[in-house]
Amino acid sequence: MSDDSLPAALRPRRFGSTDLMVPPIAVGCAPLGNMVDTFAYAVSEADAIATIHATVASPFNYIDTAAHYGDGESERRIGLALKEIGGLPAGAVLQTKAGRHVPTNDYSGPMVKQRFERSLELLGIDKVDILYLHDAEHTTFEAAMAPVGPVEVLQDARRQGLTRFIGVASGPNDVELAYIETGLFDAVITHNRYTLLNRTADEVIEAAHQRGMAVLNAAPYGSGMLAKGTLAYPRYAYQPASATLVETTRKYEEICGRYGVPLAAVALQFSTNDPRITSTIVGMSNPARLQQTIDLLLTEIPVDCLEEIAAVPIPRAEDPEKDRWK
Ligand SMILES: NC(=O)c1ccc[n+]([C@@H]2O[C@H](COP(=O)([O-])OP(=O)(O)OC[C@H]3O[C@@H](n4cnc5c(N)ncnc54)[C@H](OP(=O)(O)O)[C@@H]3O)[C@@H](O)[C@H]2O)c1
């Protein structure tokens, strides 16, 4: 299907101020890292490989991973899937992230370089489209920006053509804003902080958008509860959801039930319909999710339903340190 023949909601968008076009949805491959401590369920290698095959065959041929997901397991499985089809297909976009070595907390430049080299090896490719500084809250701004530090490693990778663009993918707003203000980055990723249940990343999204950067909003379902529901998956940002978050989500479920609309559609379109957001990163670990995500994006949501959802008070943001990516 050519881009023009796609429904508007599925059409690619410009990646910030660059010439790269990306789909409105990126497939988040954290679950493919089989991170039972983080997601509370296992994902088999077969499901992971099938999900990547479905991803590259879909309009959402945009893969998001990180060295950190399952300590390389997500990248290894993506690499296996890509090998089976002769590499990353033309037109597909792949991004990864490099940061600290978790067991030693080493966030030095040489370690970040080593992590990125391992990513290329596991993925079985010689370059990526976008490389992000991952979870920079685990180092200081000064250390990251120092000569031969992590940010210089990313810039060197861009100069050498090992990545086309660089970005920052962290948690707390102050960390994200410090890197945005350097003007060195092409893109930013926010996560779990711009959903129906939490809007704290709004200032990050606005600052990056004003600078012409690409804005990627990850975890529109807050790691799953807004898609799977409060009964099946009462978790938010990789931990049990608080009573307030569950209670608010139940109100959303009741409203959506009356209108016959999946809550996941409202949660997803909350992100995809924000004109400042280039692409929304949705985590998934089975191939059926691709068609489901298309259906959710194309779901027509009655205005009255959206108004009722908007009238539910947003819970006060909990301690931002609590929803760190582990
Ligand atoms: N620092 C950073 O840059 C950062 C931080 C966090 C996340 N991320 C990226 O963003 C991605 C998204 O975040 P996330 O995966 O944590 O959370 P998420 O996208 O909010 O939710 C993912 C969960 O939603 C479920 N799901 C997806 N589509 C569904 C559907 N149609 N129906 C029912 N359930 C559905 C998935 O289930 P199944 O697994 O069963 O398919 C998975 O459990 C990550 O995978 C990662 O790539 C980046």
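Nothing here was measured: the structure is a model prediction, and the numbers come from that model. When a ligand or atom number is given, it counts from 1 through the structure's own listing order.
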Measure from atom 37 (O) of ligand 1 to every heavy atom in Gln292, Arg193, Met284, Lys228 and give the option owning the shortest one.
-> Lys228
Taking the minimum heavy-atom distance to atom 33 (C) of ligand 1, which of Arg289, Met225, Gln291 ranks first?
-> Arg289
Out of curiosity, Tyr221 OH to Tyr233 OH, how far, rounded to the nearest 0.5 Å?
-> 13.5 Å
Report yes if some N/O of Gly222 lies less than 3.5 Å from some N/O of ligand 1; otherwise report no.
-> yes
Nearest-0.5 Å distance, CZ of residue Arg193 to CG of residue Asp202 = 14.0 Å
Note: ligand 1 atoms sitting under 4.0 Å from heavy atoms of Ala30 are 44 (C), 45 (O), 46 (C), 47 (O)
Against heavy atoms of Tyr221, which atoms of ligand 1 measure under 4.0 Å?
-> 20 (O), 21 (O), 24 (O), 27 (C), 28 (N)
Taking everything shown except Glu254 itself, do over 12 heavy atoms lie less than 6.0 Å from its CD?
-> yes
From atom 17 (O) of ligand 1, work out which of Ser223, Gly283, Gly229 has a heavy atom at the shortest distance.
-> Ser223
For His134, the ligand 1 atoms whose distance to one of its heavy atoms is below 4.0 Å | 1 (N), 2 (C)
Would you say Tyr41 and ligand 1 have an N/O pair spaced under 3.5 Å apart?
-> yes
Minimum non-hydrogen distance to atom 4 (C) of ligand 1, winning option of Tyr238, Tyr236, Tyr69 = Tyr69
For ligand 1, is there an N or O atom under 3.5 Å from any N or O atom of Pro31?
-> no
Atoms in ligand 1 flagged as close to Cys29, the criterion being non-hydrogen separation under 4.0 Å = 45 (O), 47 (O)
Between CD on residue Glu73 and CD on residue Glu45, distance to nearest 0.5 Å = 6.5 Å
Check ligand 1 against Ala169 and write out every atom of the ligand that is under 4.0 Å from a heavy-atom position of the residue.
-> 1 (N), 3 (O)
Atom indices of ligand 1 within 4.0 angstrom of Ala227 heavy atoms, with elements | 33 (C), 34 (N), 35 (C)
Numbered atoms of ligand 1 (with element) below 4.0 Å of Asp64, judged on heavy atoms = 9 (C), 46 (C), 47 (O)
State, to 0.1 Å, how close Thr230 and Val246 come at their nearest heavy-atom pair, and which atoms those are.
-> CG2-O, 3.7 Å
